[in-house]
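Count residues from 1 along the sequence. Worth knowing before you read on, the calculation uses all heavy atoms, side chains too, and leaves out hydrogens, waters and symmetry mates.
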Amino acid sequence: LLTPPLLSPISSHRFCNTYHLLLQPGPELIDELGGLHKFINRNRPIITDSGGFQLFSLSHGSVNDELNMKSRDGRNGWTSSVLKISEEGAKLRSYRDGRIVHLTPESSVQ
């Protein structure tokens, strides 16, 4: 069985996906639990993305297709996950529960 202490010398970096962390568990819970390092019990470097790839993909449907959600056309009346993109950021509909979330340049690096 490979435990975190055994894997530590093998894997010096861990990648975390900003978009998926935004949707679940959410930045509030990660902050409440002491930040991303504590949340994933990691004392080594973490690499995160900006969420930009998901914005591009969601605009064209491929992430929804990947998650077997298609465009949700006909399911709860949702037809698009990307609701608005502007200089201030993006307004998205969560594929998990339909709530509206905002991803800004600032929040993507917090």
Side-chain angles (χ1 to χ4, degrees):
L1 179 65
L2 292 176
T3 61
L6 290 173
L7 288 173
S8 187
I10 299 169
S11 173
S12 62
H13 294 84
R14 178 80 30 96
F15 184 82
C16 293
N17 185 289
T18 298
Y19 171 74
H20 293 288
L21 288 171
L22 173 68
L23 299 183
Q24 186 183 28
E28 296 83 9
L29 182 58
I30 292 171
D31 188 47
E32 183 181 315
L33 296 173
L36 189 54
H37 281 85
K38 286 187 179 179
F39 176 71
I40 65 171
N41 192 26
R42 178 91 174 153
N43 64 0
R44 297 180 63 90
I46 298 173
I47 299 171
T48 59
D49 66 344
S50 67
F53 176 78
Q54 281 79 15
L55 289 178
F56 178 79
S57 298
L58 283 167
S59 295
H60 293 83
S62 63
V63 170
N64 283 341
D65 292 345
E66 176 185 327
L67 297 170
N68 295 318
M69 301 302 275
K70 304 298 181 198
S71 65
R72 285 198 180 231
D73 189 25
R75 295 181 63 189
N76 300 320
W78 305 341
T79 57
S80 177
S81 291
V82 177
L83 303 176
K84 181 180 179 183
I85 298 176
S86 69
E87 289 290 322
E88 290 77 35
K91 184 162 82 172
L92 311 158
R93 183 179 309 280
S94 168
Y95 67 87
R96 300 187 58 80
D97 58 14
R99 69 188 158 90
I100 305 299
V101 295
H102 296 93
L103 181 63
T104 67
E106 295 80 14
S107 68
S108 74
V109 296
Q110 289 179 343

message: Keeping Asp49 on the side-chain end and Thr18 on the backbone end, is there a donor-acceptor pair under 3.5 Å?
response: yes
- request: Mark yes or no for whether Arg93, through its side chain, and Gly98, through its backbone, hold a donor-acceptor pair below 3.5 Å.
  value: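 Yes; judged by distance alone, with no hydrogens or angles, the pair exists.
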Kindly give the heavy-atom pair with the smallest separation between [X] and [Y], and that separation in Å.
X: Arg99; Y: Val101; result: NH1-CG1, 2.9 Å
X: Leu33; Y: Lys38; result: O-CB, 3.6 Å
X: Pro27; Y: Leu22; result: CD-O, 3.8 Å
X: Pro105; Y: Glu88; result: CD-O, 3.5 Å

Pairwise side-chain contact, [X] with [Y], heavy-atom cut-off 4.5 Å (strictly under):
X: Leu23; Y: Asp97; value: no
X: Asn43; Y: His37; value: no
X: Glu32; Y: Ile30; value: no

task: Report the C-alpha separation of Ile40 and Cys16 in whole Å, then their side-chain angles, then the decisive distance to 0.1 Å, and conclude whether the side chain to side chain contact (heavy atoms under 4.5 Å, CB included) test is met.
output: CA-CA 10 Å; Ile40 65 171; Cys16 293; 4.0 Å; yes
field: Spacing of CG belonging to Leu36 relative to CG belonging to Leu21, to within rounding of 0.5 Å
entry: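 Reported value, rounded in 0.5 Å steps: 6.0 Å.
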- request: To the nearest 0.5 Å, tell me how far Lys91 NZ sits from His102 NE2.
  value: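 If I round to the nearest 0.5 Å, the distance is 5.5 Å.
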message: For Tyr19 and Leu92: C-alpha separation, side-chain torsions, deciding distance, then whether side chain to side chain contact (heavy atoms under 4.5 Å, CB included) applies.
response: CA-CA 10 Å; Tyr19 171 74; Leu92 311 158; 3.9 Å; yes
